[in-house]
Amino acid sequence: MNISNKDNSQADLIEYATRLGDDSLILGHRISEWASNGPFLEEDIALGNVALDYIGRARMYYTYAAELTGEGKTEDDFAYLRNERDFSNYLLNELPKGDFAFTIVRQLFIDVFNSLFLPQLQTSANEHLAAIASKAVKETRYHLRRSKDWSIRLGDGTEESHQRMQKALADLWGYVHEMFEPDELEKRLIAQGIAVDTANLKEQWLAEITETLNTATLEVPEAEWAVRGGRAGHHTEHLGHLLCVMQSVHIRYPGAKW
Amino acid sequence: MSQNELSLETAFQNKIDNELKIEPKDWMPEAYRKNLIRQISQHAHSEVIGEQPEGNWITRAPSLRRKAVLLSKVQDEAGHGLYLYSAAETLGISRAEMIEALQVGKAKYASIFNYPTQTWGDIGAIGWLVDGAAICNQVSLQRTSYGPYARSMIRICKEESFHQRQGYQIMLELAKGTIEQKKMAQDSLNRFYWPSLMMFGPHDSESAHSEKSMKWKIKRETNDDLRQKFIDQTVPQIEFLGLEHPDKALKWNEERGHYDSSEIDWEEFYNVINGNGHCNRQRIEHHVKAHEEGAWVRDAQNAYTAKVVLRAAQAIA
Ligand SMILES: [Fe+2]
Ligand SMILES: [Fe+2]
Ligand SMILES: [Fe+2]
C-alpha cells in the first residue's frame, strides 16, 4: 500500500483534533456531574458554565475531525461510537469528580495548562484549530480566575479545607506529567507548526502553580510518581464506566436521530 | 386591630386594587408576608429540586447537542432558584432558613418532581409539559402584587420559553423517529400528562389558599382557569406530534369554547404529595447530602473572608 505524505498528515490532523475533543468532552462530562451536587446554588451554576464551555469545545474539535474524515461522520460518532481504547484524553480528565477540593485542584491544573496552551494554538498554522482556540481562550481566562480564587480560599480557609486541598494535590500530581510529553504524532505536527509543543509549557506551568499554591498556603507535591498513557488509549478503569453511561442511549438505538 | 393598623391595611389594599406593586419596605399585613414567603420559597425549592430529575439525564443525553442544551437548561433552573430565594429574602427570611424548612419537610416543592425520569423521552415531556405548565402559571404571576416576585417572574419567563421549546423539540425528534423512539415519546406523554395537570393544584373549590391570594393579587388567575388554558394549548401540540392524547374522554365544548376533560385522579395527587411518590425521599436525601458535603466548603469560604477582613484591618492599624 502506498500512502502519500498528504494522507498521513491528514490522519495525524484528524487524530490531533480528536484528542483535543476527547480532553474537552471527558472533562466537561465530569464537571457536569456536579449538577445539583454543588456546595451551594451559585456553584451549581458556575460549574455548569464551565462544563458547557468544555462540551462546546468538544463539539468544535469533533466537528472539525468529522469534516476532515468525511464519510458523513458527525461529532456524535466521535463521542458515542468509540471504545475506551479509542479515546485519547489525558488521564487527568477522566478521574471521578471526587470532592470539591479534588475538582478545584484538577481545574487549577488544567486551567493553567490551557491558559498557556490555547494562546499557542491560536497561532497554529491550521486556521481551524486556531479559530477554536481563539474562542476557548476567553473562556479559560474566566475558568482560571475561578480555580485560582477557589484554590486560595480553600487552601487558606479552614484546617479541614486545607487538608482536603493538600490531599487532592497529592492524589492528582502523578497525572500532570503526561500533558507535557508530546508523542511522535504530535511531534510531526509540531514540526509543521500545527500542534503546540507542550514540553515547552511545563516550566511556566509549574511556576504558576507554585505561585498560586504558595498564596494558598499549600505545598507543591514532590512525589515522584507519574501515570501515563491517555494519548495512547491506556486508561484508568474509570473511563469505561463513564463511557457506559454516556453512550448508553445512543448505542441502544442505532441510526436514530435525537 | 388598632385604628392605625386598620388605615394601613386600607391603604395597602387600595394600592393593590390600583395595580400598584408592594415593595419590600412597604407596610404589609403579616398574613400577606407569610403567604408570600410560603409561595415564593416553595417556588424556589421547586426550581432547585427540579435540577435532580433532569440532571439524571445530563450524563446520558443521546447527542452532544442535546447534552449541551439540557445542561444549560438545568443550569437555568438553578438560576431561577437563586432569583427566587433572593426575592423571598426581601421579606425577611434567609436562604439558610428556607433550605432548612425544605430539608425538614416544613416547606414543599412541586410534587411533579417526585416522579422519576426513566427514559430520555421523559426529558422531552418535562420540558414540554412541566415547563409548559409552569409557564402558564408564571406568566400570570408576572402581574403578582409583590414587586420583587413579579420582576423575578418576568426574568424567569424569558428563559422558560426556551425550556419548553427544547422539550418539544426532543419530542418532535422522537415522534418522527424510529418506531421505538415514537413509542418512547408516547410513553413519556402518557406518564407526564396527568401529573402536569396536577401541577396547577386542587380545584378552586378545594384550594386552601386561593381566596385571600386572589384578593391580595398574589395569585392572578385561579388554578382551574390556568389548568384549562394549559389543557387547551396542549391539544394541538399533541396532534402536531402525531401522538395519541392520553385523555380518551377529551372533547371540544363549543358552548364553553374549551376542551372538556376527564377528572384528574386526585387520589394519586394526594398520595404523591403525602410521600408515596417514587422519589420523595430520594429528592430530599439528595439535597441534604449535597448540602452536608458542601458544609466544609461554605465554612472555608467564610473563614477565608474573615481572614481577609482581619488582615485588612491589621494593615490599617
Ligand atoms: Fe425554572
Ligand atoms: Fe419555575
Ligand atoms: Fe424551566
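Reminder, nothing fancy here: chain letters follow the sequence lines and each chain counts from 1. Just so you know, these numbers come straight off a predicted model, no measurement behind them.
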Crowded around [X] [atom1]? As in, over 12 foreign heavy atoms under 6.0 Å?
{"X": "A:Y142", "atom1": "OH", "answer": "yes"}
{"X": "B:H278", "atom1": "NE2", "answer": "no"}
{"X": "A:E67", "atom1": "CD", "answer": "yes"}
{"X": "B:I179", "atom1": "CD1", "answer": "no"}
{"X": "A:K97", "atom1": "NZ", "answer": "yes"}

Examine whether an atom of [X] lies under 4.5 Å from a heavy atom of chain B, and if so say whether it belongs to the side chain, the backbone or both; otherwise answer neither.
{"X": "A:Y253", "value": "side chain"}
{"X": "A:I152", "value": "both"}
{"X": "A:A79", "value": "side chain"}
{"X": "A:I55", "value": "side chain"}

Just give me the residue among [options] that pairs up with chain B most often, heavy atom to heavy atom, under 4.5 Å.
{"options": "A:E160, A:Q247, A:R252", "result": "A:E160"}
{"options": "A:D156, A:L242, A:V249", "result": "A:D156"}
{"options": "A:E159, A:E33, A:E42, A:H162", "result": "A:E42"}

Original post:
Taking A:R153 for the side chain and B:A300 for the main chain, is one N or O donor matched with an acceptor at less than 3.5 Å?
Top reply: no
**OP:** Spell out, as yes or no, whether a donor-acceptor pair under 3.5 Å connects the side chain of B:Q181 to the backbone of A:K257.
**Re:** yes
Shorter than 4.5 Å, heavy atoms on both sides: which option in [options] has the most such pairs with chain A?
{"options": "B:G177, B:A78, B:A61", "result": "B:A78"}
{"options": "B:E54, B:Q75, B:K307", "result": "B:Q75"}
{"options": "B:V297, B:T305, B:L172", "result": "B:V297"}
{"options": "B:A290, B:P62, B:S72", "result": "B:P62"}

Under 4.5 Å from any heavy atom of chain A, what part of [X] do you find: side chain, backbone, both or neither?
{"X": "B:V308", "answer": "neither"}
{"X": "B:H287", "answer": "neither"}
{"X": "B:L64", "answer": "both"}
{"X": "B:M171", "answer": "neither"}
{"X": "B:R60", "answer": "both"}

[X] versus [Y]: any side-chain heavy-atom pair under 4.5 Å?
{"X": "B:Y304", "Y": "A:T158", "value": "no"}
{"X": "B:R95", "Y": "A:L41", "value": "yes"}
{"X": "A:H29", "Y": "B:I58", "value": "no"}

Subject >> B:K289 side, atom NZ; A:S36 side, atom OG - distance, nearest 0.5 Å >> reply: 10.0 Å
Original post:
Out of B:Q52, B:E51, B:H286, which residue meets the side-chain hydrogen bond (donor to acceptor under 3.5 Å, both in side chains) rule with A:N37?
Top reply: B:H286
Original post:
Does A:E75 pair with B:K67 as a salt bridge, N-O distance under 4.0 Å?
Top reply: no
Subject >> B:A68 versus A:L52, closest heavy-atom pair with distance >> reply: O-CD2, 3.3 Å
Subject >> Smallest separation among heavy atoms of A:Y80 and B:S63, with atom names >> reply: OH-C, 3.1 Å
Subject >> Sequence-distant partners of B:D187, salt bridge (Lys or Arg N to Asp or Glu O under 4.0 Å), two or more places apart >> reply: B:R191
